[in-house]
Amino acid sequence: ENKGFDFFVLTDHENVGAWTDPGYRSNKMTLLYGVEWSNGGHANIWSNLPFDWSAIAPTVNADGGAKAAIDTAHALRQPGQEVLFSINHPKTSIACSGCEWTYSFEDSVMADCMEIWNAGYIWPNTNFLTVTQTINEYLGRGKKISLVGGSDSHIHNAAMPLGSTDPAAYENYVQTYYHDLGMPTTWVYAKSKGATDILDGIRRGHVCITHSWTGPQIQLWADPDYVDGGQQTYEILMGDALPASSLGKEVRFRVRVFDAKMTDLTAGASAVVVMKNGQPLTETVSLSEDYVFDFTDTPVKGDYYYVELKQPDLVSALPGEIAQFGILSAITNPIYTW
């Protein structure tokens, strides 16, 4: 609430006790119902209403549990209730070394979302492997999957463990300051702040992810009816698909950047990098906090586009990482051609 979040979900491992805790309530935020599933990797299950966790729980210890867990979660959907299954940190996370997703594409293809950004983006996390490898494997094989971020925030206000011989004390300290809530933040383009609309926006991929709750926002739109010199109408949003009638023709895309500050006080340079099929297509650099970047391309079926925003971060960067806009500050979901 203090950070101004519109929505929040607590996802304890295999524990839904928070749902009935009188402290799990808010007059300012929309609260979702969630749990973290663990078996050959981690995943979040989210809903706008309490759901039957006991139906999913047996898959935690079952062989090949991912497919069964996804199917069971989806079977709990009913009118007025959305249930989403989101793969967590497909690559190793500092929050959980050895917790990467071990299931095949075929076993996890029906997942709704994938956490591509876990806690702090930069080393020692391996988010860059998820962004450069995992998501492009799924998208390249024709899977539409919503890209989200998760703070993996376990512990708060741990004291600096000066002189401690307990490794856990140092881990707790790192988690407090490196995995703060909202690092990263998932922004959802939704019809309202209602739980159902928020989950619908996430499922549709109408989402961008930023490094923190103070970070910039970035959006990707497309005008499939583009005619040079004609009226521009950007009705296709990140997460959506271009209509088949626009394939093989020139399409205009628009990137919108908001609040691209190097710190909370000073505007700094940022670089927009447009990715097509996992490879850079075009880019621009700007010193503005808010700006628009348009580009055109001729998509064919199988193409997908997403955008990365890179900027130096003088607060959290490690030595040597500031150069050449090497830090990811925000990323959009794709626009698809299928």
Side-chain angles (χ1 to χ4, degrees), residues 1-3 5 8-19 21 23-24 34-45 53 57 60-61 65-66 86-103 114-134 148-186 209-215 263-264 312-323 326-329:
E1 291 179 346
N2 291 340
K3 292 178 178 180
F5 295 170
F8 175 77
V9 57
L10 182 67
T11 53
D12 284 332
H13 281 271
E14 282 87 47
N15 189 325
V16 297
W19 296 358
D21 190 315
Y24 193 61
V35 65
E36 188 165 14
W37 177 93
S38 309
N39 178 355
H42 293 173
N44 280 342
I45 302 169
W53 163 243
V60 170
N61 298 310
S86 182
I87 297 169
N88 283 352
H89 39 75
K91 299 295 183 182
T92 300
S93 160
I94 188 177
C96 187
S97 178
C99 298
E100 60 270 19
W101 191 252
T102 60
Y103 291 97
M114 178 181 290
E115 180 192 71
I116 63 164
W117 193 330
N118 173 269
Y121 185 85
I122 56 177
W123 185 91
N125 270 358
T126 54
N127 290 300
F128 68 94
L129 293 176
T130 301
V131 171
T132 58
Q133 298 175 12
T134 309
V148 297
S151 60
D152 222 332
S153 187
H154 294 181
I155 299 162
H156 289 274
N157 301 320
M160 169 65 86
L162 295 174
S164 174
T165 58
D166 181 7
Y170 293 92
E171 179 184 358
N172 292 349
Y173 180 78
V174 169
Q175 286 224 3
T176 296
Y177 294 101
Y178 190 71
H179 291 210
D180 196 7
L181 294 172
M183 295 178 63
T185 292
T186 299
I209 311 163
T210 66
H211 69 86
S212 77
W213 67 99
T214 63
T263 70
D264 288 339
D313 184 341
L314 300 182
V315 177
S316 63
L318 297 177
E321 291 185 314
I322 296 174
I327 297 175
L328 190 68
S329 182

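Predicted model only: the values in this text are computed from it and were never measured.
Between atom OG1 of residue T102 and atom CG of residue N39 there is a gap of 7.5 Å, rounded to the nearest 0.5 Å. Taking OG of S86 as the reference point, atom NE2 of H42 lies at 13.5 Å (rounded to 0.5 Å). Summarising the geometry, atom CG belonging to D152 is positioned 11.0 Å from atom CG belonging to L181; distances are rounded to the nearest 0.5 Å. The SG atom of C99 lies 6.0 Å from the NE2 atom of H89; values are rounded to the nearest 0.5 Å.
Ring-plane geometry between W37 and W101 is classed as tilted, the angle between the planes lying from 30 to 60 degrees on a 0 to 90 degree scale. Taking the six-membered ring where the residue is Trp, Y24 and F8 present tilted rings, their angle falling between 30° and 60°.
For N127 and N118, the side-chain atoms include no donor-acceptor pair closer than 3.5 Å. A side-chain donor from one of H13 and E36 sits under 3.5 Å from a side-chain acceptor of the other.
Closest of all the heavy-atom pairs between V35 and D12 is CG2-O, 3.4 Å. Of all heavy-atom pairs spanning G34 and W19, the tightest one is O-NE1, 3.3 Å. Nearest heavy atom pair, residue A18 against residue L10, reads CB-CD2, 3.5 Å. The shortest heavy-atom contact between A43 and I87 is CB-CA, 4.2 Å. Considering all non-hydrogen atoms of both residues, T134 and P90 come closest at CG2-CB, 3.9 Å. Shortest non-hydrogen contact noted between P184 and G150 is CD-O, 3.4 Å.
In terms of modelled atom types and a separation under 3.5 Å, the side chain of T186 and the main chain of G149 share a donor-acceptor contact. Judged by distance alone, the side chain of T185 and the main-chain N or O of W213 form a donor-acceptor pair under 3.5 Å. Panel note: side chain W117, backbone A119; a donor-acceptor pair is recorded below 3.5 Å.
You'll find the side chain of L328 stays beyond 4.5 Å of the side chain of F128, heavy atoms only. Side-chain contact between Q133 and K91 is present, with heavy atoms from C-beta onward closer than 4.5 Å. Residues T126 and E100 are not in side-chain contact: their nearest non-hydrogen atoms beyond the backbone lie 4.5 Å or more apart. Looking at M183 and S153, their side chains never come closer than 4.5 Å, going by heavy atoms from C-beta outward.
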